[in-house]
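Note that the structure is a prediction, hence the values are computed from the model and not measured. Side-chain atoms are counted along with the backbone in the values below, which use heavy atoms only and exclude waters and symmetry mates.
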Amino acid sequence: MMSQVLLALAGNQNSGKTTLFNVLTGSNQHVGNFPGVTVEKKIGVLKEYKEASLVDLPGIYSLSPYTSEEIVTRDFILQEHPDVIINIVDATNMERNLYLSLQLMELQVPMVIALNMMDEVEKSGNSIDVEDLSKQLGIPVVAISAARKQGISELIRVVKRMVKHPMEMPKCDFCKGEVHRAIHAIAHIVEDHAQTVGVPLRFAATKLVEGDLKMQEALALHEDDVHIIEDIVMSMEHALETDREAALADMRYTYIEGICKKSVHKVNESYGQRRSEQIDRLLTHRYLGIPIFILIMFLIFYLTFALFGAYLQGWMEEGIDLFTVWLSQLLYQSGVSAWLCALIIDGICTGVGSVLSFLPIIVILFFFLSLLEDSGYMARVAFVMDKSLRRIGLSGKSFVPMLIGFGCSVPAIMSARTLSSERDRKMTILLTPFMSCSAKLPIYGMITAAFFPKHSALILISVYLLGIAVAIISGFLLKHTVFQGDSIPFVMELPAYRIPAFKSVLLHMWEKAKDFLHRAFTIIFVASILIWFLQSFDWQLNYIDDSSKSILASLGSALAKGLAPLGFDDWRAATALVSGISAKESVVSTLSVLVGGGEGDLYAALQSMMTPLSAYAFLSFTVLYMPCVAAFAATRRELGSWKEALLTIGYQTLSAYVVAMLIYQIGSLFL
Ligand code: GDP
Ligand code: MG
């Protein structure tokens, strides 16, 4: 049910929007000290003001449509006509934040400024004359601290008053000289158009000065008008000797500087900023930055996978085994038919169980990652990696999803949501699965044990590097073909380091666990049933014992023919690869089931199926080919289109095929 009053929460990234949203609505959204955590808009009802619902808009720096966040925010305000905008401003970083405020004011929607982080301002001994600031801007300003819940009731009081007595927004005429002349001249020309489409006139005029094509389209301007506007802007650029965007930015900043000079009394840099600068001198060091990061990640992977994860995963597996044994006895005793027993035990329990056993690893990994994120370190890493990624047409922000991809592609693909441009997001989603995920480790373990027992470390490293290399080459290729153009300029501001809030970290872990469990009991559940079915019936739907006569086997042999150029044209290998689509671990379990017997039998069978060279080609194929169903579902959801998702996995599988074939064919010349 929609409440009668609609409030919008807008502000820069990291200004504390989500924190304030949670305080006001009593909900538990994830708070992150990483720019761009909120991309979708969230909605909630105010605890102390039940008639009003509040929308948490994505964090933005300006209202120019460079990023999807900015478009979401702008469209929301222009189309949904909120009653009041609560513009949250980081008081420790006023200049930057007021830049957005000025643009929001142009939208002519009643607005109040919530001046956040006042606790930090006080701690550093600075002060801000809130009353003076309010007088200068002509709109209410309330000092708050969202994290400490200070000033919140005053904020609500002001909002209520504004809803009851909607105020006229001041015609904040902060422009001067040439820009002033251009804005007003253009305003004259587009006045009728703006009124027809319902866009605030001054906002429209300013955007046209900036050269905003979306605004040009929205206003449906006549071609002659467009020409006249361009002339006006050109003569302005000429007179000022800068380009249009710089001219506007310059004007806004000059105005803001004037305001801040009067109302901000700065004696010290804020304590947090000073501390952050000291830490940054080490962590974003030109040469040490990347090695330090690799060290930290190594430690996290070690703690997650080797130390805690392995134990907990072992326990989890034992628990699942005990449950399976108990369940199969129960089923046996109650006289359930053999095929149903097999479906439940060999299909569902084995399938869902093998995935569930990864829950501890996922939770632990996300514990560490959210520590890194909330402390503000991840933002630094993205900053440090930006330059290298730019070469393959991505920006530093794509780095985080890639990194998570080494753990699991699903959260990695979901985390690409925080990327600002569509282009970067799609490219990242496409390339992330090339980062070898942890579910593939059992496959590497099996193949190295059977073929390269003495060189397992070397083989493992080469396989990881192969994935990275293919991602880099693909990045180059895509940059010059499908995704032309450069990545969006990386204007991420480094947030101050903060001690992560325990509650926020726990919340993050819980969200991941919930998501993972949900997947295990939906997608994996269904996929397990399907694989079991295909493995246990023949085309006449007879329930069979010998799986080599199953539907799966006949499909597998058809597929195996196509795999001949890669060196492993065995129906069991082909089948294992197909079942790997449900979850990568099931490549191993499928092979074990199809071969039967213990570890030794499995290795002997593998050696009869493949040569060391074709085994390596098989490994390469598993690193690169399409990710599991869960990752595919995430891809589809994030891309929002079946076609693009199918193209994505098509590309991945094709590159796996080509690379594995090259390895096998070229290798055959020498070996
Ligand atoms: P968003 O990106 O605008 O949604 O910002 P978040 O709500 O995620 O907050 C960013 C960071 O600022 C988090 O680490 C918060 O804990 C912190 N924060 C939010 N409000 C305050 C405040 O009033 N004082 C202080 N010291 N920190 C705050
Ligand atoms: Mg947020």
Side chains of residues 553-565: which donor-acceptor pairs under 3.5 Å do they make with residues two or more places apart or in other chains?
unit_1	atom_1	unit_2	atom_2	d
Ser554	OG	Trp539	NE1	2.6
Ser554	OG	Ile551	O	3.0
Ser557	OG	Ala553	O	2.6

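- Taking the ring-ring contact (aromatic ring centres under 6.0 Å, His included) definition, one finds that Phe618 meets it with Phe568, sequence neighbours left out.
- Scanning for side chain to side chain contact (heavy atoms under 4.5 Å, CB included) contacts around Asp570 gives Arg572, Ala573, Met609, with sequence neighbours left out.
- Legend: side chain to side chain donor-acceptor pair (under 3.5 Å) pairs involving residues 439-448, not counting sequence neighbours, sorted by first then second residue: Ser436-Tyr444.
- Evaluation of the side chain to side chain contact (heavy atoms under 4.5 Å, CB included) rule for Ser668 yields Leu613, Tyr664 as partners, not counting sequence neighbours.
- For Thr635, there are no side chain to side chain donor-acceptor pair (under 3.5 Å) partners two or more places apart in sequence or in a different chain.
- In this structure, the side chain to side chain contact (heavy atoms under 4.5 Å, CB included) partners of Phe451, at least two apart in sequence or on a different chain, are Ile447, Leu606, Gln607, Met610, Pro612, Ala615.
- Ser641 is linked by a side chain to side chain donor-acceptor pair (under 3.5 Å) to nothing, counting only residues two or more places apart in sequence or in another chain.
- A search for side chain to side chain contact (heavy atoms under 4.5 Å, CB included) contacts involving Ile581 returns Tyr625, Met626, Val629, not counting sequence neighbours.
- Listed by first and then second residue, the salt bridge (charged side-chain N to carboxylate O under 4.0 Å, His left out) pairs that reach into residues 640-665 are Lys426-Glu644, sequence neighbours excluded.
- The side chain to side chain donor-acceptor pair (under 3.5 Å) search around Thr428 returns Ser398, not counting sequence neighbours.
- Partners of Tyr651 according to the side chain to side chain donor-acceptor pair (under 3.5 Å) rule, which considers only residues two or more places apart in sequence or in another chain, are Ser474.
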